[in-house]
Novice: 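Questions regarding the structure given below will be posed in turn.
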Amino acid sequence: MTPADLKNPRELTFKAIALGLFLAFVFGSANAYLGMRAGQTVAATIPAAVIAVALFRLPAFRGTILEQNIVRTAASVGEALVAGAIFTIPAFLLAEMDGRRLWGNLRDHYWEATMILLVGGLIGVFFIIALRRPLCVDAGLPWPESVASAEIVKAGAEAGDAPRTIFGAMGFGALMQLLKSDKGLQIFREYTEGWLPFPPSVIRHSTGTAVTHGGGVPWSTPSLSPALTGIGYIIGFEASSITFAGGILAWWVFIPLLLFFDPDLARRLGGGENGAPDVLAGTVWRNIVRPIAVGAMLIAAVQTMWSIRDSLITSFRGALAATSLKAEEAMERIELDIPLKWVILATAGLLIPITAIYYFFTQNLLAAMVTAVIMAVAGFLLCACGGYLVGLVGSSNQPLSGLTLSALLLSAIVILAIGVKGGPGVAAVLGVAAVVACACSVSGSLIQDLKAGHLLGGTPWKMEVVEILSVILLSFFLMGPIIALHEANLATGGIGGRALPAPQAGLMAQLAKGIVGGEMAWGLIGIGAALGVAFILCGARAPMLIAVGMYLPLDTTSAIFLGGLIKYVADKLTAARPEHERRHIEEKGTLLASGLVSGEAIVGILLAVTYLAGVPSFTHMLVGKDTFDFYPAWGGWLSLIGFASLAYVLIVIPLRRRRL
């Protein structure tokens, strides 16, 4: 490259923008179905990076690393925006007041839904632009998925062992996903769970009544997930162990305590005296422990913002000072954002359509204005909190439903205080939740891309511009596949029915109706807030990570912890080696972990596509049944081979002295 090329490399080109937008439409459509069908989406950042690397090796697509970076940034918006959409927009269709649904169908409400996606996505972009430097540069976070995608791009451009290392690990991760997914060729059981009962205990209470208490402890093996193990390896032992501590609190402390205290729970839930313990543990976790975790998240969010206050203030002052041409020229290219004054003006301007949307729902100008302000304040706080979490555990593990629920709770308090009730109250609460969900999801995706771009030497303002363009175009597109999926499945109930249960949207609709109707368990939120305060007062290292660990399934947190434990073992084995050798081993381990994350993510999307195409699973296509005959008895035991293979890849291979 010439000096001019190094100063202004090809980056924001038509080729990169067009390819990124095309991938965004593809990822958005695929994840719309996957999210409403299974309640989860597949993060697109890493698959988009891999596709960009592959395409840019073709003669017609040859370009720079920074063009690949633009492709990934634009493409990841598809999954991010659709996640915010499917978690909340269908809730308008599912929520009922006085026997009537808020929306009779989606087609007649295309423009309302599109405006929610548009303003939510854009305000998420603008919020995170203001937070880029505090989070990406100053916070010192591990950024596991950003590191993974950056390493993929770097490896694709190198000629040494790095490409072979990372793409070999991707192939291994892809194979593992194929062999443990129920949509693939399943021979490994992903996780095994069970119940360890307590011996019966007779307790005589102060009233003289003797009550026989039972209960027990739900247990689960770690998920056989190359992606989660790789994330745990990248974030390290400390962060992964804190997350797992939250899982221990939820599953081995709170749930056993609650079941022990309430021996009649099974009977009241209609399961008889001997209801299935795993069902009881699941309902206690979803309906009691998770709201407590949300309360703790709210306190941890405030504490997170307070902990980065100095960096925020410095960043804002510096951005406001850099208004002159000389100041901008003095800044390095990799530190140039869209000017903060423009960001503030754009954010203020977006409050006008947001207020109009809320007025449309409530027909109350005061309620609409107050709700818009609440959305702005809560949205900024939760976007900052969500971005911080993405830096810790990656966007794939960002607790979007928990962040959305936090916004829903805050807005509901204000809506009830103003006096808006019934259908308009429910609509206003869901409106705030929908905008914040889109904002948090898009901001989490963008901050992850900005960090990857920072590692690659990308120009922030160019990435921010393509993200804005992608949000605008996708907002007008995404309701199309969502409406089509709903109308194509009306025979089974459409969205909310058997084929498209949309669990997150159903939860939001139920909670919004319960809050406005006075049925919300506010006590649990208060207990969680008190727990969050207790974490902070006792000096817990990362209260937010503990709360997230409580919110996630035990198989997920334990799989992340397993990756951190493997990293701990690898570090101990290399402690006595020279520093340059330790650094080389650590770099190779990070490459391998990044490949594992990428391989599972890509095959996860491919299996979702084959499922959409009518192939229930490769097992069914091969033998005509959902599982092999040996799977029920041997699937769990065979998964030990998978765990051993993951440990071998992350411990033994980096320690080899010869070339791979």
Side-chain angles (χ1 to χ4, degrees), residues 28 31 35 39-41 43-45 76-89 91 116-132 134-136 141 145 293-294 297-298 300-302 304-305 308 347 350 354 371-372 374-411 429-451 464 467-468 470-471 474-475 478 504-505 507-508 511 544 547-548 551-552:
N31 277 291
Q40 61 182 1
T41 59
T45 298
S76 63
V77 178
E79 180 273 333
L81 192 58
V82 84
I86 62 175
F87 283 9
T88 52
I89 297 297
I116 287 174
L117 298 185
L118 181 62
V119 298
L122 287 178
I123 207 165
V125 172
F126 294 132
F127 281 160
I128 215 66
I129 289 173
L131 293 164
R132 182 194 66 83
L135 291 176
C136 284
L141 301 171
E145 293 183 5
V294 168
M297 281 185 202
L298 289 172
V302 176
T304 297
M305 289 295 291
I308 62 172
T347 303
L350 282 172
I354 289 171
T371 305
I374 291 296
M375 185 289 309
V377 176
F380 182 78
L381 173 67
L382 294 173
C383 283
C385 175
Y388 191 84
L389 285 172
V390 168
L392 285 171
V393 294
S395 65
S396 298
N397 298 292
Q398 183 190 33
L400 180 60
S401 57
L403 297 172
T404 305
L405 179 56
S406 300
L408 187 146
L409 294 172
L410 293 172
S411 63
V429 170
L430 289 176
V432 173
V435 172
V436 172
C438 293
C440 287
S441 186
V442 169
S443 64
S445 170
L446 177 56
I447 195 66
Q448 181 161 276
D449 288 326
L450 286 170
K451 179 61 181 181
E464 291 154 7
E467 186 95 358
I468 291 170
S470 190
V471 166
L474 278 164
S475 297
L478 283 178
Q504 280 87 354
L507 173 64
M508 297 301 166
L511 288 175
M544 178 59 76
V548 170
Y551 195 86
L552 294 174

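Treat the numbers as computed from the prediction; the structure is a model and nothing was measured.
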Novice: To check you understand the geometry: which heavy-atom pair defines the closest contact between Ala80 and Ser445, and what is its length?
Specialist: CB-CB, 3.5 Å
Novice: CG of Leu118 to SG of Cys438: how many Å apart, nearest 0.5 Å?
Specialist: 10.0 Å
Novice: Contact between Ile447 and Tyr388 at the side-chain level, heavy atoms closer than 4.5 Å - yes or no?
Specialist: no
Novice: For the atom pair CD1 (Ile123) and CE (Met375), what is the distance rounded to the nearest 0.5 Å?
Specialist: 4.0 Å
Novice: For residues Leu81 and Ser475, report the shortest heavy-atom separation together with the two atoms involved.
Specialist: CD2-OG, 3.7 Å
Novice: Is the backbone N or O of Ala437 less than 3.5 Å from a side-chain atom of Ser441, with the two atoms forming a donor-acceptor pair by type?
Specialist: no
Novice: Do Val125 and Val442 touch side chain to side chain, with heavy atoms closer than 4.5 Å?
Specialist: yes
Novice: Which atom pair, heavy atoms only, marks the closest approach of Ala376 to Phe127?
Specialist: O-CZ, 3.5 Å
Novice: Taking ring pair (Phe, Tyr, Trp, His ring centres under 6.0 Å) as the test, write out the residues that go with Phe126, two or more places apart.
Specialist: none
Novice: Can you tell me how far CG of Leu117 sits from CG of Leu474, rounded to the nearest 0.5 angstrom?
Specialist: 9.5 Å
Novice: Heavy-atom distance under 4.5 Å between the side chains of Ile128 and Glu464, does that happen here?
Specialist: no
Novice: Using 0.5 Å steps for rounding, measure from the CG atom of Leu131 to the CZ atom of Phe380.
Specialist: 4.0 Å
Novice: Should Val390 and Lys451 count as side-chain neighbours, where that means a heavy-atom distance under 4.5 Å?
Specialist: no
Novice: Roughly how far, to the nearest 0.5 Å, is CD1 of Ile129 from OG of Ser443?
Specialist: 11.0 Å
Novice: Can you list everything that forms a side-chain contact (heavy atoms from CB on, under 4.5 Å) with Ala372? Sequence neighbours excluded, please.
Specialist: Ile354, Thr355, Tyr358
Novice: Gly78 and Leu478: which non-hydrogen atoms are nearest, and at how many Å?
Specialist: O-CD1, 4.4 Å
